[in-house]
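Chain letters run A, B, ... following the sequence lines, proteins first and then strands; every chain starts at 1. Scope of the values below: all heavy atoms of this structure, side chains included, with no hydrogens, waters or symmetry mates. Because the structure is a prediction, the values reported are computed rather than measured.
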There are 2 protein chains.
Amino acid sequence: MTAETPPTDFDLDHFLPYRLDRLADRVSEALAHLYEAHYDLNVAQWRVLAWLHHRHELTAKQICASTRMDKARVSRAVQVLEGRDLIVRRPSPRDQRLHELRLTEAGQALMVELVPQVRAWEAELVAPLTTDEYRRLLDMMGRLERRLQEGE
Amino acid sequence: MTAETPPTDFDLDHFLPYRLDRLADRVSEALAHLYEAHYDLNVAQWRVLAWLHHRHELTAKQICASTRMDKARVSRAVQVLEGRDLIVRRPSPRDQRLHELRLTEAGQALMVELVPQVRAWEAELVAPLTTDEYRRLLDMMGRLERRLQEGE
DNA sequence: CCTGTATGGTTTCATGTGCAACTATTCAGC
DNA sequence: GCTGAATAGTTGCACATGAAACCATACAGG
């Protein structure tokens, strides 16, 4: 497993955390152009919208779990999105502590417009990979994530 | 290439940027425990040390390029590390604008202690992957990065 | 019921970061 | 050799973020 990295030196180009961070950063930055420039959304806001688009109705807590964002960060993103009438937030009738979030018509419309662009962009990004490679990539990433979860 | 994601819904678990970000975040967080708790280094400081350990002598500019960090961020990390006598910073005799950075004895000693722990931790992380898979993973990531570079 | 505890979410505060303005040094063109 | 543009690095400022304190609601045990 260490065949790639000589034992004496510390070659960062073969160090997974570094490579992962660099790639994630570049991907994130490039993707952000899609929703920042045209829709004035920051990363947190985009993620909230994406999850609401995906799951239809969620509470802030659930979004925290899905996105690994701090609850304060989610709270603030929700406030902005609500102020822009892209989502609605109403206390659950069952439990007044939690608030059900969902897209408004406007929010839905925005996502219907934005999501295809995002998907097209991703397709462009992963074009150099074969379908099989892409599948393997996600699979390996999944195994690494699971390993981190069990450790913590 | 889109066989995995149904065309109507937007499944974030098969969306590479999201998966990449989540994994990088988890890896980064776990790794940070190694150098934060015991050595009181933040991410920026760790990266500067790692690159100086790797390359022996660099300028702030070169570290910016390697790490994709803002020059202000590098500058501040350097100030802290210099204050802790982990690195030295001297103006290049050739060009007084740029400052050559290198590890001090203490910095070297710290890295000699820390790097093996970091490598062991990474080895543990990627243990579920075969050598070949690991190689392919880095290769795929490299291709994705190159794709982003040519686009920008 | 009433009291104490747990939970969802908000707000406050300290900190880290990026951008832009700035300083110091170099270098090209005249 | 000056002058003006370019470059390495620093600093000021505004903003986003995370941790912790906080508020409101729910719920369990007496």
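Looking at Arg68(A) and Glu29(B), a side-chain N of the basic residue comes within less than 4.0 Å of a carboxylate O on the acidic one, giving a salt bridge.
In this structure, CD of Gln62(A) is placed 14 Å from C1' of dT7(C), rounded to the nearest angstrom. Atom NE2 of His99(A) and atom P of dT7(C) are 18 Å apart (whole Å). Atoms CG (Leu81(A)) and P (dT10(C)) sit 12 Å apart, rounded to a whole Å.
Put simply, chain B comes within 4.0 Å of DNA chain D, heavy atom to any atom, from dA6(D) to dG12(D), going 5' to 3'.
Trp121(B) is linked by a ring-ring contact (aromatic ring centres under 6.0 Å, His included) to nothing, counting only residues two or more places apart in sequence or in another chain. Scored by the side chain to side chain donor-acceptor pair (under 3.5 Å) test, Arg47(B) finds Asp21(A) as partners (sequence neighbours excluded). Residues satisfying the side-chain contact (heavy atoms from CB on, under 4.5 Å) test with Thr59(A), not counting sequence neighbours, are Lys61(A), Gln62(A), Leu98(A). Checked against side chain to side chain donor-acceptor pair (under 3.5 Å), Glu124(B) has the following partners two or more places apart in sequence or in another chain: Arg147(A). Here Arg55(B) pairs with nothing under the side chain to side chain donor-acceptor pair (under 3.5 Å) rule; sequence neighbours left out. His54(A) meets the side chain to side chain donor-acceptor pair (under 3.5 Å) test with Asp9(B); sequence neighbours excluded. Contacts of Tyr18(A) classified as ring-ring contact (aromatic ring centres under 6.0 Å, His included), with partners at least two apart in sequence or in another chain: Trp51(B).
Counting heavy atoms from C-beta on, the side chains of Val48(B) and Leu58(B) never come closer than 4.5 Å.
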Taking only N/O atoms, report every protein-nucleotides 1-4 of chain C pair under 3.5 Å with atom names and distance.
none

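For residues 63-80 of chain B, proximity to DNA chain C is found at Asp70(B), Ala72(B), Arg73(B), Arg76(B), defined as any non-hydrogen atom under 4.0 angstrom from a strand atom. Interface residues of residues 90-98 of chain A facing DNA chain C, ordered by number: Arg97(A), Leu98(A); criterion, heavy-atom separation under 4.0 Å.
Residues Tyr35(A) and Gln45(A) have side chains that never bring a donor and an acceptor to within less than 3.5 angstrom of each other.
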Apply salt bridge (Lys or Arg N to Asp or Glu O under 4.0 Å) to the pair Arg89(B) and Glu100(B), showing each step before the final yes or no.
CA-CA 6 Å; Arg89(B) 192 182 68 109; Glu100(B) 289 161 359; over 6 Å; no
Residue pair Asp139(A), Arg143(A): steps toward the salt bridge (Lys or Arg N to Asp or Glu O under 4.0 Å) verdict | CA-CA 6 Å; Asp139(A) 173 65; Arg143(A) 279 188 276 158; 3.3 Å; yes
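A distance of 5.0 Å separates CE of Met140(B) from CG of Leu137(A), quoted to the nearest 0.5 Å.
Using modelled atom types, no side-chain atom of Ser75(B) and backbone atom of Lys71(B) make a donor-acceptor pair closer than 3.5 Å. Counting only distance, with no hydrogens or angles, the side chain of Arg19(B) and the backbone of Leu138(A) share a donor-acceptor pair below 3.5 Å.
Each end of the helix from dC1(C)-dG30(D) to dC30(C)-dG1(D) yields a helix axis from five base pairs, and these two axes differ in direction by 10° (to the nearest 10 degrees).
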